[in-house]
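Heavy-atom basis, side chains included; hydrogens, waters and symmetry copies ignored. We count residues from 1, following the sequence as given.
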Amino acid sequence: MKAVFEQLNTEQSSSFIFRKFDVPKFDAPFHFHPEYELTLILKGEGQRYVGQQVNDFFAGDLVFLGANLPHCWVNQPIENKNASAIVIQFGDLFLGKGILDLPEMNKMKAFLEKSKSGFEIVGKTKEILTEKIVTLQLKTPLQKIAGLLEIFDILGNSTEIVTIDDFFFEHQYNQAETARFQKVFSYLIENFKEEITLEQIANIADLSPTSFCRYFKNITKKTFVEVLIEFRLQFACQLLNKTDLPIQQVAFESGFGDVPYFNKLFRKHKNLTPKEWRGR
């Protein structure tokens, strides 16, 4: 899976994109675009990848992503059940030139600036916005614009917002460095369940193994192995939560070739054994 630039084609009759997906599997790759994005998961569960962070997502997941922040959702397909989401995307055209410089837009302007790190919306704010987003489907284009402005007002004034990845907010990298980051994490998302050698991942980044280790630790504050283990354990938790697979098979499906090693790592990171996690 390669992080790709997504060209969003807004129609001349619309300043934003409003789409609803109802599919067996979310198939968008790890991608990015200059538009802002508000995504509401209506049905489905799996892993949400934003920047360098991987988190579980479930129905009701609501996130706001800033410009050029790589992201994708990977759901676990369930027989005869589709995954569903509403995605709203907009760029500078939607707000218009100079709108963000108005004093009334100060909070929204600050919100958009900080959204480079991505936000998860929680609590009562999520409940309120979920209802408003769902009802937008029935609105006329002009009513949708009014509804979106109301949503932005709520977001700009809410404290029920959780940062997803501070890395993208705190660091400013040039285009070549950003492209390298995207290549590395795209490869991880696609292949974390397989054996990945240091030489393989260093080659993806066009670096020597030694230079790659230094580069990776600099941008994540973790070693490559630590991040790989996090990806695998997150997936293992999903399997333990939602399947009846034997723990041995969960270990193998998640990329661990040694069950005792899997059990040891799981307890170290989750403070529970896999069996205790499932029983919880």
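With hydrogens and angles ignored, the 3.5 Å screen pairs no side-chain donor or acceptor of Asp153 with any backbone N or O of Leu149. Between the side chain of Ser158 and the main chain of Ile154, no donor-acceptor pair closer than 3.5 Å is present. Between the side chain of Thr163 and the main chain of Asp166, no donor-acceptor pair closer than 3.5 Å is present. Between the Glu160 side chain and the Thr125 main chain, a donor and an acceptor come within less than 3.5 Å of each other. Checking side-chain atoms of Gln53 against main-chain N and O of Val50 turns up no donor-acceptor pair under 3.5 Å. Looking at Asn75, its side chain does come within 3.5 Å of a backbone N or O of Pro24 through a donor-acceptor pair. Panel note: side chain Asp61, backbone Ile41; no donor-acceptor pair is recorded below 3.5 Å. At least one donor-acceptor pair closer than 3.5 Å links the side chain of Gln200 to the backbone N or O of Thr197.
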Test side-chain contact (heavy atoms from CB on, under 4.5 Å) applied to Phe90 and Glu35, step by step: CA-CA 5 Å; Phe90 65 96; Glu35 289 78 13; 5.9 Å; no
Hey, mind stepping through Glu127 and Thr130 against side-chain hydrogen bond (donor to acceptor under 3.5 Å, both in side chains) and telling me if it holds? CA-CA 5 Å; Glu127 294 179 20; Thr130 294; over 6 Å; no
List the steps, then state whether ring-ring contact (aromatic ring centres under 6.0 Å, His included) holds for Phe235 with Phe231. CA-CA 6 Å; Phe235 185 74; Phe231 274 41; over 10 Å; no
Does the side-chain contact (heavy atoms from CB on, under 4.5 Å) test come out yes or no for Arg180 and Ile204, once each step is laid out? CA-CA 8 Å; Arg180 174 176 285 155; Ile204 294 296; over 6 Å; no
Intermediate values then yes/no, side-chain contact (heavy atoms from CB on, under 4.5 Å), Cys72 and Phe26: CA-CA 8 Å; Cys72 71; Phe26 295 134; over 6 Å; no
Determine whether Phe32 and Leu65 satisfy the following criterion, side-chain contact (heavy atoms from CB on, under 4.5 Å), listing intermediate values before the conclusion. CA-CA 10 Å; Phe32 64 100; Leu65 304 177; over 6 Å; no
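Side-chain contact between Glu230 and Leu233 is absent, with no heavy-atom pair separated by less than 4.5 Å. Side-chain contact between Lys81 and Lys43 is absent, with no heavy atoms from C-beta onward closer than 4.5 Å. Residues Lys183 and Asp206 are in side-chain contact: their nearest non-hydrogen atoms beyond the backbone lie under 4.5 Å apart. Annotation: side chain of Ile196 is in contact with side chain of Tyr187 (closest heavy-atom distance under 4.5 Å). Using a 4.5 Å heavy-atom threshold, the side chains of Pro70 and Phe185 count as separate.
Shown here are the side-chain hydrogen bond (donor to acceptor under 3.5 Å, both in side chains) partners of Glu120, two or more places apart in sequence or in another chain: there are none. Asp258 is linked by a side chain to side chain contact (heavy atoms under 4.5 Å, CB included) to Pro260, Tyr261, counting only residues two or more places apart in sequence or in another chain.
Figure legend: Lys144 and Phe18 shown as a cation-pi pair, the cationic atom lying under 6.0 angstrom from the six-membered ring centre and within 45 degrees of its axis.
Here CG of Leu198 is found 10.5 Å from CZ of Phe216. Values are rounded to the nearest 0.5 Å. The CG atom of Leu155 sits 9.0 Å away from the CZ atom of Phe119 when rounded to the nearest 0.5 Å. Atom CG of Asn218 sits about 12.5 Å away from atom SG of Cys213, to the nearest 0.5 Å. How far CD1 of Ile88 is from CZ of Phe64: 9.5 Å, rounded to the nearest 0.5 Å. Rounding to the nearest 0.5 angstrom, the gap separating the OH atom in Tyr36 from the NZ atom in Lys116 is 8.0 Å. Here the straight-line distance linking atom CD1 of Ile128 with atom CD1 of Ile133 works out to 11.5 Å at 0.5 Å rounding.
What you find for Phe30 and Gly51 is that their closest heavy atoms are CZ-O, 3.6 Å. Heavy-atom minimum distance, Gly44 versus Ala83: CA-CB, 4.4 Å. The minimum heavy-atom distance linking Leu69 with Ser117 is given by the pair CD2-C, 3.8 Å. The shortest non-hydrogen separation linking Lys126 to Gly60 is CD-O, 3.2 Å. Closest heavy-atom contact between Ser15 and Ile145: OG-CD1, 4.4 Å. Of all non-hydrogen atoms in Phe181 and Gln52, the two that sit nearest each other are CZ-N, 3.7 Å.
Follow the hydrophobic side-chain contacts under 4.5 Å out from Val122 and you never reach Phe58; the two are in separate clusters. Taken together through direct or relayed side-chain contacts under 4.5 Å among Ile, Leu, Val, Met, Phe, Trp and Tyr, Val162 and Leu112 form parts of separate hydrophobic clusters.
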List, one per line, each side-chain donor-acceptor pair under 3.5 Å for residues 242-257, sequence neighbours excluded.
from   : atom 1 : to     : atom 2 : distance (Å)
Thr243 : OG1    : Leu239 : O      : 2.6
Thr243 : OG1    : Leu245 : N      : 3.4
Ser254 : OG     : Val250 : O      : 2.8

Sequence neighbours excluded and cut-off under 3.5 Å, please list the side-chain donor-acceptor pairs for residues 102-111, or say none.
from   : atom 1 : to     : atom 2 : distance (Å)
Asn106 : ND2    : Pro103 : O      : 3.3
Lys107 : NZ     : Asn157 : OD1    : 2.8
Lys109 : NZ     : Asp101 : OD1    : 3.3

Distance-only criterion, 3.5 Å: show the donor-acceptor pairs between side-chain atoms of residues 263-271 and protein atoms not counting sequence neighbours.
from   : atom 1 : to     : atom 2 : distance (Å)
Asn263 : ND2    : Val259 : O      : 3.4

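Applying the under-4.5 Å side-chain rule to Ile, Leu, Val, Met, Phe, Trp and Tyr, the cluster around Phe21 extends to Val87.
By the 30° and 60° cut-offs, the orientation of the rings of His33 relative to His31 is tilted.
Within 6.0 Å of the CD atom in Glu199, the count of heavy atoms belonging to other residues, nucleotides or ligands exceeds 12. Within 6.0 Å of CD in Gln137 there are more than 12 heavy atoms belonging to other residues, nucleotides or ligands.
With respect to the salt-bridge test (charged N to carboxylate O, under 4.0 angstrom), the residues Arg48 and Asp56 do not qualify. Using a cut-off of 4.0 Å between Lys/Arg side-chain N and Asp/Glu carboxylate O, Glu150 and Lys132 are scored as salt-bridged.
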